[in-house]
Amino acid sequence: MPKKKANNRPEIEATTEGTVSRRTVLKIGAAAGAAGVLAPSMLTSTEALGFQAITEPVTCANGQPSPPHHPFVDDFTAPFPADDHPLNPQPTEFPNLGAGEFDRAPHPRWAQFAPAHFTYDLAAQAGLHQFHSDFGQTYIWGFNGQFPGPTIFGRYGKSGVVRFRNNLPATTTTFGRNEITIHLHNGHHGSESDGFAGDFFPINFWKDNLYPNVYAGIDAFGGNPGGDGVGDPKEKMGSFWYHDHRAEFTLNNNVLGLNGMYIVYDSTDPGHEVPSAGSLQLPGYYGVTDFPLELVDHRFCATAGGRTELVNAAGGDKFIVNGKIQPKLTVRRRKYRFRILNTGPTQTYDLTLIKPDGSVGTMTVIATDANFLEHPLPVDAGANAGNSNSTTAPIVPGAIRVSVAERFDVIIDFAEFSAGSKLYLRENRTMFVGNPSPDPLPPGLAIGNVLMQFNVVNREPWFPADTPAIPATLCTYPTMPATDNTWEWQFVLVGGRFRVKRPFDTVGCVFDPDHSAHCMLQGTTEEWLLNNNIASGWTHPVHIHFEEGRTLQRFVNGVPVPVPPLHSGRKDVYRLEAGQGALIKMQFRDYSGRYLIHCHNMAHEDNFMMVRWDIVPDQAALDACIADQQVCELEMKAKESFREEVA
Amino acid sequence: MDRRELLSKAFEPHPASPGATRYTNAVLRNQNNEAVKFYDDLIRGKQCVVNFMYAECHGSCPAVTQTLKTIYRELKDRMGNNLFFYSITTKPEEDTPAALKHYAETRNVDLPGWQFLTGEPYDIETIRFRLFGMDHPGFDDDLTLHSSYLRVINDARNSWGMAQAFASNRNILRRIAWQDPPKSYAQNVVESRARQVLIEQEVKKYGYRRDVMS
């Protein structure tokens, strides 16, 4: 769906009773009908309902399986788009403390990117969401009370401001923490808008994040605003997501629902399918032929009063796609784009498309972690089995392995299937269902492995016609200058302590918001060795804020191995299984400030597997920063030596 | 009004606190051989730091105790008033209250607001799982893995966090402060407005903000 214009947006008003007036409902219905989006999802928006007191959930003990559910009852839908509307008061360069904004550094490059073309107002607040028709309502925390959060749309060359309000309850019986800091994964913007883990703010405050929606390389490629023309267009990205990054509580708050998708379009990927200059003409109508596919697992318990609440457990026994358990989607015989995102908190998915005859279908990967691949990569169990992203471990043939925070944009062509056939998205782990499938499943497929069902029908005349074949070339990767510096990060577990260790560290520092562990000059190019090769039996999906990198080499137990095709593009999450390493190359441009590198398994990052690194603007700042980066290690060494003495 | 009643007024737990159902009300003994209920007497409505140790441990335990001693010095005004340290032994069979007393005295940590606790092995195992259990056998079954973790609890705001004993003291202090009683909205607003004035003066004077946080 193309972006709505601000002046066309439906006027949503709440009456004093906190209910929606009939007139508003009619308006919403009309607007939603015109926009081709389902009205019911709009009505769940607590923006429309006003702030309602939502009863805190009863806490459940862990250890029981979730209630059973019936497969393929609910519809798979795209999360509702966020509403673009003016902010009051207007965004400012310096924090508007008087009006309730929480303290932050001023927005960098404000003169260049203000005023914002897009402004969104998202309130983190308690809400109720029904994960399945068989279940009662579930207490969640969501942006505008939605699960998953509303999808934000941006366009390259048009800057945006998202005002994140913290309207979470002052008291909660859940495992969440009512302090938030929102990270846009993986935007190219200033550090004050990056959701730095130590920058969380309390309830009843808000914070503006300035997302300039620019390609990296603003300085090098000029900064003429308007159109797509800011930065290097080869740095184009598409499927971002935003989520809470509160230190120690990232897992808890994300499990409760504080995340959502953020999609940025440009002329190559314009968000529609009408032929236009430069357009790749990929399936592109949001919610019609282009769907986010946000994966999360949960454990539930039924409580008195008819609610079904989330259980605080590591690993759920229900797999959820866009907020629904085992949903169904009616697809026409044409191409569709799915933006697969694993919102975690900890589990990895091995996704395969199962055809009606039980064999593995083809999913054509066009983008990894929001970046187009140079050439689309079909993945299936036959001729294209070698295209999967396995470095060593034999994973399911034809599977795309999605660890936490990884995104894979895939195109599935349903044209080859006859109307009436049913396809299934399969996950290698098994969930608890408790009821048989209403439709006979393909041979070899168990209902517990099914994430969702596709029902193929013929295309109605009103439905958009199929897009042309996927272009053989989707983009050209940017060329990077010679490497200025090399650096190594070791992801280790020392005596039960998750650490991101530098080679010269004896033990490694825990996450310290006040001190940087690595400093670099703005504008430099670095090669980083991400090493999970040291006495490790753990998998770490490593995420680096701010910059996309290219993998130059992969390692298994220190031995160089070829880069698997799905790791060969530009990425921001580098999956390191036990004993693996990756040598990556990145440029740090345009902004200076504090950023993070961490394991995106949220249980690991909350347990300190995260460090801060800084980009600094000049040599004097670099010297100060390098002096500072010893602080942690010196403090740690003092303690370690004490330990050795007494040992 | 007796002492316990007074105390329960002074330390009001959060209405949503799961209380003894999470923390248990196991009866433990401290280094002075006093019987204490784990939730009612030690955690209810209070902010505290809990760690596991044992007296004969020569690996990381002395370093952790040393760290806590330094932290204690930094926070001595609060210790025993609204902040408490609890070091629980993982070897209750060996560590009698007398042994813990000896341990505390030899290290000069027999201080107000810091209790060394022992009790029934079953109770202690339960408390360890309740506080440090990660639902992960690799962690939960290995006693040594918890030795360097500090659990920071604030029952008055029903929250907890974690600190690493081997992190810097400054880092630990910050993580304890993250569990401090929250400032009221009014207090936050007053501070924000005061800061706004300073920022405006700086911007007027220098043209930019000098206390940039990034």
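Keep in mind the model is a prediction, meaning the values are calculated, not measured. Lettering of chains follows the sequences in order, A, B, ..., and the numbering in each one begins at 1.
- When each of A/T174, A/I203, A/T172 is checked for heavy-atom pairs under 4.5 Å with chain B, A/T172 comes out on top.
- A/R502 and A/Q629 share no donor-acceptor pair across their side chains, judged by distance under 3.5 Å alone.
- In this structure, A/R594 contributes its side chain and A/S516 its backbone to no donor-acceptor pair below 3.5 Å.
- Contact count against chain A (heavy-atom pairs under 4.5 Å) is highest for B/N188 among B/N188, B/V189, B/T67.
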(Q) Apply ring-ring contact (aromatic ring centres under 6.0 Å, His included) to residues B/W178 and A/F249 and explain how you reach the verdict. (A) CA-CA 12 Å; B/W178 280 353; A/F249 288 87; 9.1 Å; no

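- Proximity to chain B involves both the backbone and the side chain of A/T171, based on heavy atoms less than 4.5 angstrom apart.
- Here A/D512 is the residue among A/D512, A/T173, A/N96 with the most heavy-atom pairs under 4.5 Å with chain B.
- Side chain to side chain, B/N169 and B/E74 fail the donor-acceptor criterion of an N or O pair below 3.5 Å.
- The candidate with the highest count of non-hydrogen atom pairs below 4.5 Å against chain A, out of B/R174, B/R170, B/E191, is B/R170.
- Side-chain rings of A/H183 and A/H598 stay apart, their centers remaining 6.0 Å or farther from each other.
- Residues A/D606 and A/R177 are not paired through a salt bridge, judged by the lack of any N-O separation under 4.0 Å between the basic side chain and the carboxylate.
- If you measure heavy-atom distances from A/P108 to chain B, you find no contacts under 4.5 Å at all.
- Proximity to chain A involves both the backbone and the side chain of B/S168, based on heavy atoms less than 4.5 angstrom apart.
- Annotation: cation-pi geometry satisfied between B/R107 and B/Y103 (NZ/CZ under 6.0 angstrom from ring centroid, within 45° of ring axis).
- Contact annotation for A/F175: neither backbone nor side-chain heavy atoms come within less than 4.5 Å of a heavy atom of chain B.
- For chain B, no part of A/E56 is nearby; none of its heavy atoms comes within less than 4.5 Å.
- The candidate with the highest count of non-hydrogen atom pairs below 4.5 Å against chain B, out of A/P202, A/G100, A/P513, is A/P513.
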